[in-house]
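To start, the structure itself, in structure tokens.
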Amino acid sequence: MVFDLTEEQRMIQDTAREFARKEVLPKAAELDENSRFPDELIRQMAELGFMGIAVPEEYGGAGMDNVCYAIAMEEISRACASTGVIMSVNNSLACDPILKFGSEEIKREYLVPMASGKKLGCFGLTEPGAGSDAGSQKTTAVRDGDFYVVNGTKNFITNAPQADTCVLFTMTDKAKSHKGITAFVVDMKWKGVSLGKHEKKMGIRASATSSIIFEEVRVPAKNRLGNDGDGFKVAMSTLDGGRIGIASQAIGIARASFEDALSYSKDRKQFGQAICEFQAIQWMLADIATEIDAARLLTWRAAWMKDRKMRHSKESSMAKLYASEVAMRAAVKGVQIHGGYGYINEYPAERHFRDAKITEIYEGTSEIQRLVISAALLKG
Amino acid sequence: MDFRLTDEQLQVEDMVRGLSRKEFAPRAAQVDEESRYPVENHRRLAELGLLGMLYPASYGGSEAGPVSYSIALREVAGGCASTGVGMAVTNMTGEAIFRFGNDAQRRRYLPMLSGGKGAGAFALTEPGAGSDAGGLSTFAREDGDGYVLDGSKVFITNGANACVTIVMALTRKSPRKISAFLVEPGTPGFSVGKGEHKMGIKGSDTVSLSFEECRVPKSSMLGAPGEGLRIALSALDGGRIGIASQAIGIARSALSTATEYARDRRQFGQAIGEFQAIQWKLADAATELDAAQLLAFRAAYLKEKGVPYTKEASMAKLFATEAGNRACHAAVQVLGGYGYIREYPVERNLRDIRVTTIYEGTSEIQRLVISRDLCG
């Protein structure tokens, strides 16, 4: 049992914290206000190796471990939750499945540019009719010689408007239900791929979200991840890692709420004293700080297990469930501590509140996490 | 970061889990029913080296360290919470004597404590000094080569079965100075009051103590004059890891009963574990208990390393005891009517765990400790 960070983990924490404070934080309000995708930050993060942290160097990544990934995600998200999710999707949902399931050729062609941050990835699983019930895919892929022909619509796809590459899930054998799902790596510039509606969101506004429409798109068979029917496995295994990223994002948002509220409570005077002198405020701060530490330990445990190639579905779900709900509670309390100032955009508390909410929804709602956890418990 | 237990810690876990399941759990209902101090459990703990886990073999201890101690206490409390708290306070008393005592005191008391000759007790709380522990009024008047103690203590765990009690008393009223004394049973003027009737941990010995013209030699002072509050607070830092571990042990036990019940119990044509209403309770309890365990291990790890851990111990105690209470509530609810009767252990678990948010610093005191650290 060692709770200290390794040299490398401390180093990335310092680097990410410094970068987030200097470069990301000053832009966060403007990015939110204008729903602007932070191109320049993503380029800088690519140079720091943040777009493929746990991808080996031979495939363009930084060759670090998943605890490093969790640490960097928290720091970036502390400054800007939108920038955090752009990073998380590229690392966890685009790079990781190709690293794990792609052929050598596919890794060279698609993983190297994404992990090095020259290109951006997205993850096409959700459909208008397939949200929590991800197995009910309607997008089809029909074999045609050395190709598959893909038709269908994906929605709520993070990074889609900027993405070069999509890890796409399709139904190749409807009769087999979720065992008939197959995953592919698709170039977003291919004929027949187009973007649909650009969503206007409550929060994480600097991250772009749109639907993707596939019309008679010809995907080479060599772009398949795993075999026919492996898609659901690819998706679930990918999300086990993705949930570590979102848990870390949630911790970053929770910290933002907490740190801003703490500093406000020390400055703000009412009834002749700083409001942090009142137990009403102290209680909120103590509870948030405790819950943030608990969430981080759950998250780092899951990341550590992933590094050791241990099965970590339950632990990732626990981390994601707990951290996202902490982010929301911290945001509610953060706004409350700020009072009226928490409700106006002069202070970032209201943005944290809007940003926190998504972490309870995407990459598996809190309800899906509880299903995963309770299934593991009841199986015994 | 490394979340693995060492081989030694795994061995402790295995051994104590076995002991607790085989010997403590089967008698726990009867111990509770009869409000009986389980002296046979205390003896077994001594035989296995579980009563002096925080000091070296040269004083009769096993020096297993704070992480192993936390694991052992969790496992004991999982079988019998009353035995757990008795073990916790004995270990805490021994550790305080080891840390602050002189060699003569260590040689006299530590082998007695680890060998199970008696329990250790820690007398800080008074009728008028609970959370405001510094406000105690027991007075120790200097008189020749000794001190004369006057005052009373309440809610003292292990008080009637202790071979040594650490008693906190004022040695000066203005400015206030608190000192610690080692008092043995049978000292003239020292008497033990009646046992309290408690909601839970009924097998734990909880009594009031009174000191009337109780004369102790100067050599019985633990640490230096005026060092009492520091000794008390330092002991409580460690004690809080203990109570966090106790709460985790009780709550895990309740969750395991509830999970098994949810698998077997059928209503509306299916196992109740198939209903999301039940699944949600289990998932939330398991998640929070894992988080609690990690917080407790972190605090124990910091203590083992010898770095400050006051805030982390308070976080662990606050979180584990609150989460543990929620988990036990949920377990009773999952069992429905069967959760309310003594045929199943969850009703006892719920009564037992209730005290953990109260003793060794209420949740409110933990939040004060944490927020003071935050707000500077």
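Each chain gets a letter, A, B and so on, in the order its sequence line appears, and its residues count up from 1. Just so it is clear, the values below take in all heavy atoms, side chains as well, and ignore hydrogens, waters and symmetry mates.
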Could you check whether atom [atom1] of [X] has more than 12 heavy atoms from other residues, nucleotides or ligands sitting under 6.0 Å from it?
X         : atom1 : value
Phe319(B) : CZ    : yes
Glu260(B) : CD    : no
Glu7(A)   : CD    : no
Glu274(B) : CD    : yes
Tyr341(A) : OH    : no

**OP:** Measure the acute angle between the ring planes of Phe3(B) and Phe3(A), then classify it against the limits of 30° and 60° as parallel, tilted or perpendicular.
**Re:** perpendicular
Which bit of [X] is near chain B, if near means a heavy-atom gap under 4.5 Å: side chain, backbone, both or neither?
X         : value
Gln279(A) : side chain
Gln282(A) : both
Leu5(A)   : both

Side chains of [X] and [Y]: closer than 4.5 Å at any heavy-atom pair?
X         : Y         : result
Ile370(B) : Leu285(A) : no
Leu294(B) : Arg301(A) : yes
Arg298(B) : Leu297(A) : yes
Arg367(B) : Thr290(A) : no
Arg4(B)   : Arg308(A) : yes
Trp283(A) : Leu368(B) : yes
Asp287(A) : Leu318(B) : yes

When rounded to the nearest 0.5 angstrom, what distance separates [atom1] in [X] from [atom2] in [Y]?
X         : Y         : atom1 : atom2 : answer
Met315(B) : Asp293(A) : CE    : CG    : 4.0 Å
Trp280(B) : Ser366(A) : CH2   : OG    : 9.5 Å
Leu374(B) : Leu262(A) : CG    : CG    : 6.0 Å
Lys379(A) : Arg263(B) : NZ    : CZ    : 11.0 Å

Non-hydrogen atoms of chain A under 4.5 Å away: do they reach the side chain of [X], the backbone, both or neither?
X         : result
Leu295(B) : both
Lys305(B) : side chain
Glu322(B) : neither
Gln366(B) : neither

Heavy-atom pairs under 4.5 Å with chain A, option from [options] with the top count:
options                                    : value
Lys311(B), Met1(B), Glu288(B)              : Met1(B)
Gln293(B), Gln9(B), Glu364(B), Gln276(B)   : Glu364(B)
Leu302(B), Asp373(B), Asp284(B), Ile278(B) : Asp284(B)

So, for [X] and [Y], which heavy atoms are closest and what is the spacing to 0.1 Å?
X         : Y         : result
Leu378(A) : Ala262(B) : CD2-CB, 4.1 Å
Met318(A) : Asp290(B) : SD-OD2, 3.3 Å
Met1(A)   : Phe297(B) : CE-CD1, 3.3 Å
Ala291(B) : Ala294(A) : CB-CB, 3.9 Å
Cys375(B) : Cys276(A) : SG-CB, 3.8 Å

